[in-house]
Structure formats: structure tokens, C-alpha cells
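I have placed the structure first, in the form of C-alpha cells, so that the comments after it can refer back to it.
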Amino acid sequence: MSQQIQAVRGMNDLLPEQTGLWRHVERVLRAVFEGHGYREVRLPLVEKTELFRRSIGEVTDIVEKEMYSFEDLNKESLSLRPEGTAGCVRAGIEHGFLHNQTPRLWYLGAMFRHERPQKGRYRQFHQAGVETYGMTGPDIDAELIAMSAALWRSLGVTGLQLQINSLGTVAARHAYREKLVEYFKQYETQLDEDSRRRLLTNPLRILDSKNPDLKSLIEGAPRLLEHLDEESRTHFDRLKNLLAACGVEFVVNERLVRGLDYYTKTVFEWVTDQLGAQGTVCAGGRYDGLVEQLGGKATPAVGFALGMERLLALLEVQGSQSLEDTPHVYLILVGESAERAGLSLAATLRGQIPGLRLLMNCGGGSFKAQFKRADKSGAEIALVLGDEELEKGAVGVKFLRADRPQQQQPVEQVAALLREAVSNGS
RNA sequence: GUGGACGUAGCUCAGUUGGUUAGAGUCCCAGAUUGUGAUUCUGGUUGUCGUGGGUUCGAGUCCCAUCGUCCACCCCA
């Protein structure tokens with residue numbers, strides 16, 4: 001035991017009990033994305049470290065202390081991706097699919113951040129994200145947000161609240177940021193340690209402080225929405241109208257600030273109070289400056305990412321059922337000749353009945369032992385092939401969970417019974 | 001990175017003020033029923049007590065370190 005190798009901290013194994021629900025969610029995500037005309041991209045897990053420094057921001061926690069970075073053999077610094085947007089923009093510039101085009105893209109995959117693990121926060125975690133480019137107006141912002149709402153509907157998730165805000169254009173945001181720093185600097189001695197640090201890293205974040213002592217100070221601070229430029233204000237107002245028009249409920253949260261440097265104008269989060277401290281299930285916004293910042297031609301962009309682990313946790317607390325993956329049938333084989341005949345019988349049945357999940361006994365065992373395994377497998381039906389059946393050219397059929405008599409039938413009629421079982425079940 | 005709680009069979013957990021050979025349930029295997037599961041009965045396997053040090057005649061129990069899990073801060077999906 002002392003020599004046992006454990007998984008890396010914060011990196012979890014997903015076992016068969018969980019993968020059913022994961023596949024269900026993945027299927028729904030794909031269907032909704034594709035239903036909105038979004039197309040899938042699969043991007044590398046590793047990028048040059050420089051990409052993340054330039055996109056996420058030098059002084060963010062992610063870049064400063066949470067990246068898994070290492071030196072490649074050619075001495076270049078590489079990093080496991082901490083988020084998906086940067087790589088997507090990089091790929092867009094590299095393959096020229098942003099220039100004068102309006103792609104809508106989605107992806108699903110693992111991200112890596114070296115944080116202290118906690119409920120809903122892991123070092124390897126999975127995000128499903130969408131990114132769209134080349135569209136300036138609030139209509140695409142609204143479509144994207146409405147699409148996320150459609151996801152929750154399709155998945156049957158409830159209790160998520162949509163919060164939206166506008167950070168303004170890059171220029172407006174910087175101007176406001178300076179005003180805010182100026183304001184808080186006057187009261188620096190009253191700030192707590194965290195907020196004094198935020199003064200340098202992300203002053204907008206101070207507005208979101210959980211410290212009750214700062215409440216009155218924060219309330220006296222300059223208001224972000226009052227410092228919006230005209231263009232951003234109009235954009236935000238039109239977005240709110242569009243959301244209302246398609247029946248997506250939202251609340252404006254003036255303190256909503258995303259941690260990544262590249263956001264502009266629209267930002268939004270879907271939050272829940274059912275997951276403890278990590279209540280943000282999905283978040284995103286507009287990032288009109290990033291493509292240019294990374295060397296492409298100026299291109300507006302909007303996107304969001306949702307945390308798979310958090311979404312799955314929410315589904316679990318709300319009692320979502322895992323996708324059915326128990327076998328319909330367990331094939332019992334006793335004796336050498338039955339074992340020989342079993343493989344092709346199993347193949348025949350699987351070929352004749354689409355969707356059939358047939359589990360064939362392997363590893364021998366008495367009738368009793370095999371029936372035990374059949375029961376444990378969860379199968380509805382046990383098929384029995386022994387010397388007796390082989391002689392008659394039949395297969396025994398026993399219903400493990402229904403009150404129906406056991407019978408012996410030729411293969412063709414067994415197939416009909418199984419077809420019935422498949423269509424009754426899932 | 002900071003603070004707190006916790007690590008005992010595969011799983012869920014007991015284990016007294018430190019005292020012989022560490023327990024229960026469950027799971028698994030076999031038998032009762034030589035071709036029939038889930039119920040019942042009988043028997044059986046399962047552990048470097050997270051790891052490494054220390055205190056002690058003696059440590060699952062006390063102390064230190066370390067690894068891990070969980071919760072919160074911070075941060076974020």
C-alpha cells in the first residue's frame with residue numbers, strides 16, 4: 001500500500017457509474033449546439049505559454065500561479081490550457097476562418113488549473129464552450145444566452161439565475177478602472193488585505209467583495225453602468241430588450257466582473273445556490289479586443305463556457321437519472337460446447353437486434369453462479385445455453401424481473417422476444 | 001496560497017482513560033438445492049489501521065511531519 005500510486009491531486013477518474021450521465025449531457029449539448037448551427041472544433045490541450053499570457057492577462061491568478069507550464073525539448077515554454085477561448089482565437093487566426101466570416105463554434109474538453117481542489121473545482125476539469133466571431137450587434141449576444149437557456153431546458157436543470165452586466169468598451173473599461181482605483185486609494189487603510197491586492201490586479205473585483213466591513217465603502221464607489229460609453233449603453237439596452245423578447249429572465253448585476261482581462265461590453269453568468277461556494281455553472285461574454293490583441297485583424301467576438309463538473313453536480317442534486325446502460329440480456333453458457341456456440345449466438349443476436357445490450361458470460365461457473373451474475377448485471381432476461389438446449393437446437397429464456405414462465409425457443413423466436421425487451425426498455 | 005474537519009477490509013462504519021491475536025454490516029466465493037438468480041441458513045477470503053518518524057514496557061488510540069479527501073477563503077467554469 002505504501003508504494004501505491006495515486007491519481008494526481010484534483011484530477012478525478014470518471015467511473016462507469018458516472019459516465020452514463022456524462023454521455024447524456026454531452027449528447028444534449030451537442031444537439032442544442034448543432035440545432036443553433038454551431039460547429040465543433042477540437043483544439044490542442046497544450047499551447048505556447050505566451051498565448052495565455054497575452055490573452056488572459058499577465059496579472060491574473062490563472063497566469064501568475066495556476067498554469068501547468070513546462071519547457072519543451074526545444075526550450076520553449078508550453079502550458080496545459082487553463083481555458084478554451086485563447087486557443088480558439090489562435091486557431092482562427094492561424095487558419096484564417098475569422099477573416100470576414102462569422103463562424104459559430106463549440107468545443108468540449110479538459111482544462112487544467114493548479115488551484116486548491118474543492119467542491120466544483122478541480123485541477124483537471126471539463127468545459128463545454130461556444131465562441132462566435134465577426135458579429136458586432138447584441139443579437140448574437142442574445143442568441144448565445146438564449147441558447148444557454150435552451151440547454152438548461154433540454155437537460156431539465158432548474159434554479160439557475162442569469163446575471164448580466166456590461167463592462168463597456170476597452171477604453172471605457174480602462175477609464176472606469178482608473179476612477180475606481182483613485183476612489184479606493186483614498187480609503188486604502190480601510191480596505192482588507194485581499195482588496196488592497198485587487199487594487200493592483202483587478203480593482204473591479206473589489207466591488208464583489210464578500211467582506212461586510214467594506215459594504216458602505218463599495219456602495220459609495222463610482223458606478224460602472226454610469227461610466228459606460230454611449231455605444232456600450234445602447235448595446236446593453238438592446239440586449240436586455242432582445243432577452244425580454246424571447247422570454248429569457250435575467251437580473252442586472254452591476255458587480256458582475258469576469259476575471260479574465262479580455263472581456264468587453266456584455267458579460268453574463270448563470271449561477272446557482274445549490275452547489276456551495278462554486279455556484280457559477282456557466283459564464284461568458286463579449287471579447288471584441290482579443291483577436292487583434294493576438295495578432296489577427298480586429299474582429300468582434302462573444303462566447304461562453306460551462307463547467308461540466310458543476311453542471312453534472314447540479315443535475316445530480318436535482319435527481320437526474322443516468323443514461324441506461326445495463327444489459328438487456330445475460331447469456332448463460334454451461335459446458336464447453338455451449339461456450340463454443342455462445343460467441344456466434346451472441347453475435348447473431350446483436351446483429352439482428354439493433355441497440356441490444358447483450359452480456360455474455362465469460363469465465364465459466366455453475367448454472368447457479370451464472371444466474372447470480374445475470375441477476376447482478378441488471379438484465380431483464382437470462383438466456384440459457386447448455387447441453388440440453390444444444391441437443392434441441394433451442395435457447396432457454398428466463399425472465400428475471402417479470403412474472404412470465406421460463407421457456408425454450410428456437411433462435412428466431414428468441415430474437416423476437418429480445419426485440420420486445422429492447423423496445424420496452426431504453 | 002490561507003484556515004478548519006477527516007483518513008481503520010472492495011464499500012459503509014465501530015474500536016472505551018494507550019493494554020493480548022483489530023471488529024460488525026455489506027460485497028465476493030463455496031455449500032444447503034449434483035440445470036436456475038434476487039429471500040433464508042451454514043462456512044470461507046478480505047487489512048503494513050493513508051505514509052514516515054517520535055513518545056512509551058506497549059500506539060488504530062498521544063506528538064511531529066508528509067500525502068490525500070472534504071468544507072470555506074482566495075480564484076474561477
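Order of the sequence lines sets the chain letters (A, B, ...), proteins ahead of strands, with each chain counted from 1.
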Taking pairing as Watson-Crick or G-U wobble with both contacts under 3.5 Å, can you name the mate of [N], or confirm there isn't one?
N: B/rC76; value: none
N: B/rC70; value: B/rG4
N: B/rG25; value: B/rC11
N: B/rA30; value: B/rU42

At under 4.0 Å between heavy atoms, what does [X] touch on the DNA or RNA strands: base, sugar-phosphate, or nothing?
X: A/Q6; value: sugar-phosphate
X: A/L260; value: sugar-phosphate
X: A/R373; value: nothing
X: A/A283; value: sugar-phosphate
X: A/G284; value: nothing
X: A/Q370; value: nothing
X: A/V334; value: nothing
X: A/Q278; value: base
X: A/Y122; value: base
X: A/K210; value: sugar-phosphate
X: A/G335; value: nothing

Nearest listed nucleotide, side chain of [X], among [options]:
X: A/R205; options: B/rG35, B/rA77, B/rC75; value: B/rC75
X: A/E388; options: B/rG37, B/rC73, B/rG35; value: B/rG35
X: A/F125; options: B/rG37, B/rC74, B/rA77; value: B/rA77

For [N] versus [M], give the span between their [atom1] atoms, rounded off to a whole number of Å.
N: B/rU55; M: B/rU61; atom1: P; value: 15 Å
N: B/rA22; M: B/rU51; atom1: P; value: 15 Å
N: B/rG50; M: B/rG15; atom1: P; value: 15 Å
N: B/rC27; M: B/rC73; atom1: C1'; value: 40 Å
N: B/rA77; M: B/rA5; atom1: P; value: 31 Å
N: B/rC64; M: B/rA59; atom1: C1'; value: 15 Å
N: B/rU48; M: B/rC75; atom1: C1'; value: 40 Å
N: B/rC29; M: B/rU66; atom1: P; value: 43 Å

Is it the case that the side chain of [X] and the backbone of [Y] share a donor-acceptor pair, with hydrogens and angles ignored and the cut-off at 3.5 Å?
X: A/T132; Y: A/V302; answer: yes
X: A/R121; Y: A/R116; answer: yes
X: A/R310; Y: A/T280; answer: yes

Is there a side-chain contact between [X] and the phosphate of [N], meaning an N or O under 4.0 Å from OP1 or OP2?
X: A/K368; N: B/rA32; result: no
X: A/R401; N: B/rG37; result: no
X: A/R113; N: B/rC76; result: no

*Whether A/F371 stacks on the six-membered ring of B/rU36 base, 5.5 Å and 30° limits*: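 So yes, this residue stacks on that base, both cut-offs being met.
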*Heavy-atom closest pair, residues A/L167 and A/L256*: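 So the minimum-distance heavy-atom pair works out to CD2-O, 4.0 Å.
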Please report, rounded to the nearest Å, how far the [atom2] atom of [N] is from the [atom1] atom of [X].
X: A/N361; N: B/rG37; atom1: CG; atom2: C1'; value: 13 Å
X: A/Q118; N: B/rG68; atom1: CD; atom2: P; value: 16 Å
X: A/E115; N: B/rC73; atom1: CD; atom2: P; value: 13 Å
X: A/D192; N: B/rC73; atom1: CG; atom2: C1'; value: 11 Å
X: A/D208; N: B/rC75; atom1: CG; atom2: C1'; value: 11 Å
X: A/W270; N: B/rC76; atom1: CH2; atom2: C1'; value: 19 Å
X: A/L15; N: B/rC11; atom1: CG; atom2: C1'; value: 13 Å
X: A/M11; N: B/rU69; atom1: CE; atom2: C1'; value: 16 Å

Return yes if the base of [N] and the side-chain atoms of [X] contain a donor-acceptor N/O pair under 3.5 Å, otherwise no.
X: A/Q406; N: B/rU36; value: yes
X: A/R310; N: B/rC76; value: yes
X: A/R116; N: B/rU2; value: yes
X: A/R121; N: B/rC74; value: yes
X: A/E389; N: B/rG35; value: yes
X: A/K398; N: B/rU36; value: yes

*asked:* Regarding A/Y38 and A/Y107, do their side chains bring together a donor and an acceptor under 3.5 Å, going by distance alone?
replied: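 No pair is found: no donor N or O on one side chain lies under 3.5 Å from an acceptor on the other.
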Charged N to carboxylate O below 4.0 Å: is that the case for [X] and [Y]?
X: A/E94; Y: A/K48; value: no
X: A/R197; Y: A/D194; value: yes
X: A/D375; Y: A/R401; value: yes

*From A/I62 CD1 over to A/R113 CZ, what is the distance, rounded to the nearest 0.5 angstrom?*
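Going from CD1 on A/I62 over to CZ on A/R113, the span is 3.5 Å.
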*Residue whose closest nucleotide on RNA chain B lies nearer the 5' end, A/N211 versus A/A305*: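 Per heavy-atom nearest nucleotide, the more 5' residue is A/N211.
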*When you match A/L275 and A/R198 each to their closest nucleotide on RNA chain B, which lands nearer the 5' end?*
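Closest to the 5' end, via its nearest nucleotide, is A/L275.
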